[in-house]
Amino acid sequence: QVHLVETGGGSVQAGGSLTLSCEPSTRDYDTHCAGWFRQAPGKEREGVAIIDTDASTTYADSVKGRFTASKDNAKNILTLQMNSLKPEDTAMYYCVLDVCLLDGRGADFGVWGQGTQVTVSS
């Protein structure tokens, strides 16, 4: 019913920046929790950033101070600005709706995009 499309992934050198975007198909996504998760091969899924319905944002300790998650309700776009990228940030990044906790509780009931690959080289 609701679809998410992520764009903006790619390959960068350590210290570089990338901006990921997500366009939900629903027009009322501002009433949903929204955010980003990532998963690298052989590792567990990790919450990156969650934007609650009041626009407050929670970040993983590993990205705090480097990543900024935001949403533009008028344009219906979610954005993850990633700065000072590290090789450890290499992962598939997923945009999500209706997942309101960074630890991923309730993830099975959320809406997930197909993901966009981010690769950071040393």
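Residue numbers start at 1 and run along the sequence shown. The shown structure was predicted, so the numbers you read here are calculated from the model rather than taken from an experiment.
The 12-atom threshold is exceeded at CD of Gln81, counting heavy atoms of other residues, nucleotides or ligands nearer than 6.0 Å.
Residue pairs meeting the disulfide bond (SG atoms under 2.5 Å apart) criterion with at least one partner in residues 71-109, sequence neighbours excluded, are Cys22-Cys95, Cys33-Cys100.
Side-chain contact between Phe37 and Trp112 is present, with at least one heavy-atom pair separated by less than 4.5 Å. Annotation: side chain of Leu4 is not in contact with side chain of Leu78 (no heavy-atom distance under 4.5 Å).
Side-chain contact of Ser62 with Glu46: a donor-acceptor pair under 3.5 Å is present, judged by distance alone.
The closest donor-acceptor contact from the side chain of Asn76 to the backbone of Pro24 lies under 3.5 Å. With hydrogens and angles ignored, the 3.5 Å screen pairs a side-chain donor or acceptor of Glu6 with a backbone N or O of Gln114. Formation of a donor-acceptor pair under 3.5 Å by the Asp52 side chain with backbone atoms of Asp54 is not found in this model. Checked by atom type and distance alone, the side chain of Tyr59 pairs as donor or acceptor with a backbone atom of Ala69 at under 3.5 Å.
A distance of 8.5 Å separates CE in Met92 from OG1 in Thr119, rounded to the nearest 0.5 Å. Considering CG of Asp89 and CZ of Arg38, their distance stands at 4.5 Å, rounded to 0.5 Å.
Cluster membership check: Val48 shares its hydrophobic cluster with Val120, using side-chain heavy-atom separations under 4.5 Å among Ile, Leu, Val, Met, Phe, Trp and Tyr. Hydrophobic clustering (ILVMFWY, side-chain heavy atoms < 4.5 Å, transitive): Trp36 and Leu18 are in one cluster.
In this structure, Asp108 has no salt bridge (Lys or Arg N to Asp or Glu O under 4.0 Å) partners at least two apart in sequence or on a different chain.
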